[in-house]
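Below is one structure; the comments refer to it alone.
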Protein chains: 2
Amino acid sequence: MITLNLPTFDDVISASERIEGHAHRTPVMRSRTVDQAFGAELFFKCENLQRMGAFKFRGAFNALSKFDARQRRAGVVAFSSGNHAQAIALSASLLGMPATIVMPHDAPAIKVAATQGYGGTVVLYDRYKEDREQIGRELADKHGLTLIPPYDHPDVIAGQGTAAKELFEEEGPLDALFVSLGGGGLLAGSALSTRALAPACKLYGVEPEAGNDGQQSFRSGSIVHIETPKTIADGAQTQHLGSYTFPIIRRDVDDVLTVTDAQLVACMAFFAERMKLVVEPTGCLGFAAAREMKSQLRGQRIGVLLSGGNVDLQRFCALLA
Amino acid sequence: MITLNLPTFDDVISASERIEGHAHRTPVMRSRTVDQAFGAELFFKCENLQRMGAFKFRGAFNALSKFDARQRRAGVVAFSSGNHAQAIALSASLLGMPATIVMPHDAPAIKVAATQGYGGTVVLYDRYKEDREQIGRELADKHGLTLIPPYDHPDVIAGQGTAAKELFEEEGPLDALFVSLGGGGLLAGSALSTRALAPACKLYGVEPEAGNDGQQSFRSGSIVHIETPKTIADGAQTQHLGSYTFPIIRRDVDDVLTVTDAQLVACMAFFAERMKLVVEPTGCLGFAAAREMKSQLRGQRIGVLLSGGNVDLQRFCALLA
């Protein structure tokens, strides 16, 4: 049996020191309309307003900050078609190191361009014929690059935990916190902060219904693998939790909930119309679940992590049409 | 000759005391992308995140707060199909007084519903056959209501000035400030705060090119009336400046600039994609003009008032398509 050294809240504290002045301390937004509808107080932590548009910057910058001189010279490699790619490319650029991002050949041109815009070198692969993990590892071996995975890494988890840490520091202990769940980096990091700063707070991970591997894993006690799920929540299309994220989630989270794509669209429309915020589908997971549990939340103080805002406008409008 | 008692910065200070705890102190947002593109520091005062979604709440609440007991009992009347209607309805509701809003019979159902949702009584009129000002005045006379116009009123102007006051208080003196210009309530109020708190700051009003009555008035020295202009900036479709707003603008503003609808759409897309903010077309006027003047603004500290975010999603998406 392999024993992993799981990250702790001390690692979150160290991460928050490393990212200070680099990551935004994102605002916590309120809505009187929401509070009235819930008969409760809701606190929205706006990671859609984070640099590069998602919480992913926190974990990526934290992980890259810990590289030694040799690692920095050689640079980082990552595989992602989404927010992790941009987070790694931007963090590497800020820290003055090269970044190679392995992306599928049919990734949206806008995402390839954004990653290149942050200074990353993009390597395309055929997602139907090639294995991106293998390509990433080969690049790492051949050129001495350090591979930073999107969620299953202690430094990534510790970095993601800084968002919930800021929320509790500013608003005090909450009664419940709702967090988007894909591979579990944000949820596991949030769990470390929650158990340290608000031990009595109920902590919920929220997945798309079509991709409820996290819920199955949480309830069964071992990591369940699924096919890539069909959902508009592209940040939560992961097939399984990680070897670091799962034990933390299993230990510290109160439950894993699911919502439908239709519920996510309704939340996107609400955020745009009433709060004037663009939130990507994955970023709506937490609030969608909170709305479903509304009657149980009366009188409570509730945190919701809006994990990101990276949805291109054509897609945004197509979803809302 | 009639001499008007123009509002002063002391009135803005009193207004800020009246609205405190009722209006949001809206956040000032930054964007590294924008700062890099400009080679300057830009400060976006987010009145799209104000209550009811626009700066109009400040002036309406200030004006209604000054009503005496008799006025409060009888209530307020206003004519508007836009943000002023909602601002008056919400303010009246918060202050426990009745509000009657005169709206065109073909106003979007969503705006009628929003006004009613804030507790306002809506009176519809035929915009092709009837005169809304006359209807408003008749209602005022018959029922003893107090008419609060959308911009040409000292208390409304003083209230609108609190947004720029907050911006200067938080960010210190700026080199330039760009403000949306319709009837001039926001611009005149901003002028009072600018001349008191940052006397050397260049102050620009920005209009849609199709409705440049303000520019004509500013440059000619007397109020120019135009037909209702065709522009997507529905908050700036006013036909003329007011008797209170014009002399302040003429005295305190450095210039009035114009931008095209296409420039407004480009800014809306930018705010949504890069800053994750929904800003209505009228709210984009200031930034659109700043972009045109970019080369002259290098190295400066620049304020931009985002005046509102009330655009329904169908229209938002149609404009961006």
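Each chain gets a letter, A, B and so on, in the order its sequence line appears, and its residues count up from 1. Values below: all heavy atoms of this structure, side chains included; hydrogens, waters and symmetry mates excluded. Computed from a prediction, not measured in an experiment: that's the story for all the values here.
- With a 4.5 angstrom heavy-atom cutoff, B:R51 touches chain A only via side-chain atoms.
- Using a 4.5 Å cut-off between heavy atoms, A:R274 touches chain B through its side chain atoms alone.
- The structure places NZ of B:K276 at 12.5 Å from CD of A:E47, a figure rounded to the nearest 0.5 Å.
- Between A:V278 and B:V278, some side-chain heavy-atom pair lies under the 4.5 Å cut-off.
- Looking at residues two or more places apart in sequence or on another chain, you find a side-chain contact (heavy atoms from CB on, under 4.5 Å) between A:S65 and A:R18, A:F61, A:L95.
- Of residues 260-270 of chain B, those residues lying under 4.5 Å from chain A by any heavy-atom pair are B:A269.
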Q: Give the intermediate values and the outcome of side-chain contact (heavy atoms from CB on, under 4.5 Å) for residues A:L49 and B:M275.
A: CA-CA 7 Å; A:L49 304 177; B:M275 296 184 70; 6.0 Å; no
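- The 12-atom threshold is exceeded at CZ of A:R25, counting heavy atoms of other residues, nucleotides or ligands nearer than 6.0 Å.
- Within residues 309-316 of chain B, the residues approaching chain A closer than 4.5 Å by heavy atoms are, in numerical order, B:G309, B:N310, B:L313, B:F316.
- Legend: residues meeting side-chain contact (heavy atoms from CB on, under 4.5 Å) with B:T115, ordered by chain and number and at least two apart, are B:A85, B:Q86, B:A89, B:I101, B:M103, B:V122.
- What you find for A:R32 and B:H22 is that their closest heavy atoms are NH2-O, 3.6 Å.
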